[in-house]
Amino acid sequence: MAGVKKLRKILLGREQTAGTEANASTYWRGTGTIQENITVEFPEEDVGYLSGLNRTYIPKTEALLELDETPATFEGVLHLLEMGIETVTTATTGGGVQYVYDFPTTAANTIKTYTVEGGDDQQETQFLYGFCQSFSLSGSAGEAVMMAGSIVGRQVATGTFTTNPTMPSQDEILFGKGVLYIDTAGGTQGLTPQTTTFLSFGLEVDTGWRATYTGDGQIYFTFAKNIGPEITLNLEFEHDAFSVAQLAAWRAETAQLIRVQFTGATLTTTGTTYTAKTLRIDLAGSWESFDKLGERDGNDVVAGTFRARYDTTASKFATITDVCNLTAVP
């Protein structure tokens with residue numbers, strides 16, 4: 001019988017040793033299918049055939065799972081952060097369970113690699129040493145925040161799905177429960193909320209992690225290394241006094257501290273710092289560009305691109321904090 005789309009699934013297992021298979025422990029609550037990237041070479045040769053002879057070889061192989069855009073959740077986004085920024089030890093002081101992901105500055109972090117299983121009722125395929133090469137978070141007024149990611153792994157193999165992994169509960173992140181803060185690099189991050197102006201955002205992260213091939217007895221990559229992350233944040237505001245001030249900061253090359261923060265349901269254990277599930281994006285850097293004056297629902301709007309860079313005045317670069325009720329990443 002042919003496979004059925006509604007019977008597709010994506011299962012994730014956290015590897016104890018990078019590249020060593022782990023049974024799946026949870027589902028990815030979104031969509032996407034595994035792409036097998038095999039490089040097939042047809043060598044040129046002078047053998048007297050106009051047609052050429054059917055001679056091929058495969059020098060390298062790689063796996064790719066493009067996670068389609070799906071509503072972001074406080075629980076699900078942890079997997080992208082763990083396999084793309086760093087694997088962290090949780091903290092509970094101040095309310096909830098806090099996962100703080102600091103992007104690297106002078107030395108690479110250690111990430112958690114994953115075994116990924118995908119497919120349908122016809123065939124399971126899987127790959128090992130899965131890491132997140134890029135991910136995005138985006139949202140617009142009146143909608144859910146969305147997340148997507150590109151997961152790279154070693155060669156694709158066929159097998160069978162892990163039996164009965166846990167189906168995780170999810171709490172969607174809503175744009176309407178977000179707040180934008182912008183302060184100068186000499187000030188305090190998260191001090192000044194910008195109200196009645198924040199219309200949309202798009203965070204684009206190249207994690208810097210890349211597959212590295214060596215002569216190591218295999219045609220799949222040997223390890224992943226970090227060549228440096230690149231982070232941009234696209235923001236859209238009302239054309240008001242605040243956006244005029246940001247345009248002036250762009251022209252003056254004034255370094256800024258940006259915080260985009262979203263809250264959700266009340267935490268099981270509240271504290272002085274957090275009382276609700278929270279996703280907090282903290283960036284230091286400068287405005288890179290602004291679009292010409294735009295329009296949304298009859299209002300003039302301003303859209304700009306902010307590039308994150310380590311700022312020596314603030315001693316900050318980029319951090320994503322996720323606060324939820326999970327005592328461990330599933």
Side-chain angles (χ1 to χ4, degrees), residues 7-34 63 65-92 95-101 109-119 124-133 135 137 144-153 159-173 205 207 209 262-269 274 276-280 320-330:
L7 294 178
R8 291 181 187 176
K9 51 189 172 184
I10 303 170
L11 306 183
L12 304 176
R14 291 163 58 83
E15 296 174 349
Q16 294 305 306
T17 301
T20 299
E21 184 174 354
N23 288 330
S25 57
T26 191
Y27 288 79
W28 173 258
R29 299 290 299 270
T31 62
T33 52
I34 294 174
L65 172 60
E66 292 284 5
L67 295 171
D68 301 328
E69 196 171 61
T70 191
T73 64
F74 296 98
E75 297 77 15
V77 73
L78 287 171
H79 297 295
L80 298 178
L81 305 180
E82 286 276 311
M83 67 173 98
I85 305 175
E86 62 177 333
T87 184
V88 304
T89 302
T90 62
T92 55
V97 183
Q98 301 166 38
Y99 296 83
V100 181
Y101 298 90
N109 294 333
T110 299
I111 57 173
K112 176 61 70 175
T113 60
Y114 280 62
T115 296
V116 178
E117 303 176 25
E124 183 259 23
T125 57
Q126 63 182 40
F127 61 82
L128 313 183
Y129 209 129
F131 65 89
C132 182
Q133 185 165 286
F135 68 89
L137 293 165
V145 172
M146 306 296 283
M147 62 182 177
S150 295
I151 313 304
V152 175
T160 57
F161 283 109
T162 300
T163 304
N164 298 323
T166 301
M167 182 65 72
S169 298
Q170 306 275 277
D171 183 11
E172 283 72 27
I173 303 171
V205 177
T207 64
W209 287 101
F262 302 92
T263 56
T266 301
L267 291 163
T268 302
T269 304
Y274 299 100
K277 293 182 180 181
T278 301
L279 180 70
R280 175 183 287 177
I320 298 179
T321 303
D322 187 280
V323 184
C324 58
N325 294 316
L326 294 176
T327 55
V329 180

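Side-chain atoms of Asp322 never come within 3.5 Å of backbone atoms of Tyr99 as a donor-acceptor pair (strictly under, hydrogens ignored). Here the side chain of Thr207 pairs a donor or acceptor atom with the backbone of Gln133 at under 3.5 angstrom. Listed for the Asp171 side chain is a donor-acceptor partner under 3.5 Å among the backbone atoms of Ala265. Of the possible polar contacts, none joining the Thr17 side chain to the Thr20 backbone as a donor-acceptor pair under 3.5 Å is found. At distances below 3.5 Å, not a single donor-acceptor pair connects side-chain atoms of Gln170 with backbone N or O atoms of Arg29. In this structure, the side chain of Glu124 engages the main chain of Gly159 through a donor-acceptor pair within 3.5 Å. Although no hydrogens or angles enter the test, the distance criterion places no donor-acceptor pair under 3.5 Å between the side chain of Trp209 and the main chain of Cys132.
Applying the ring-ring contact (aromatic ring centres under 6.0 Å, His included) test to every pair with at least one member in residues 73-92, sequence neighbours left out, gives these pairs: His79-Tyr114.
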Problem set entry | Check against side-chain contact (heavy atoms from CB on, under 4.5 Å), Thr278 and Thr263 | CA-CA 4 Å; Thr278 301; Thr263 56; 3.9 Å; yes

Problem set entry | Check against side-chain contact (heavy atoms from CB on, under 4.5 Å), Leu65 and Thr33 | CA-CA 6 Å; Leu65 172 60; Thr33 52; 5.5 Å; no

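Nearest heavy atom pair, residue Phe135 against residue Ile85, reads CZ-CD1, 4.2 Å. In this structure, Thr70 and Gly30 approach most closely via the heavy-atom pair OG1-CA, 3.9 Å. Here the shortest heavy-atom pairing between Thr26 and Pro165 reads N-CB, 3.8 Å.
With values rounded to the nearest 0.5 angstrom, Leu78 atom CG is found 10.5 Å from Thr90 atom OG1. Taking CG from Asn325 and OG1 from Thr92, the interatomic distance works out to 12.0 Å, rounded to the nearest 0.5 Å. Atom OH of Tyr274 and atom OG1 of Thr269 lie 15.0 Å apart (nearest 0.5 Å). Taking CD1 of Ile10 as the start and CH2 of Trp28 as the end, the distance is 8.0 Å to the nearest 0.5 Å.
Neither side chain, Thr115 nor Glu21, offers a donor N or O lying under 3.5 Å from an acceptor on the other. A donor-acceptor contact under 3.5 angstrom links the side chains of Glu66 and Ser150, judged on distance only.
Checked against side chain to side chain donor-acceptor pair (under 3.5 Å), Glu75 has the following partners two or more places apart in sequence or in another chain: Lys277. Under the salt bridge (charged side-chain N to carboxylate O under 4.0 Å, His left out) criterion, Glu82 pairs with Arg14, sequence neighbours left out.
In this structure, Ile151 and Leu80 have side chains that are in contact, with non-hydrogen atoms separated by less than 4.5 Å.
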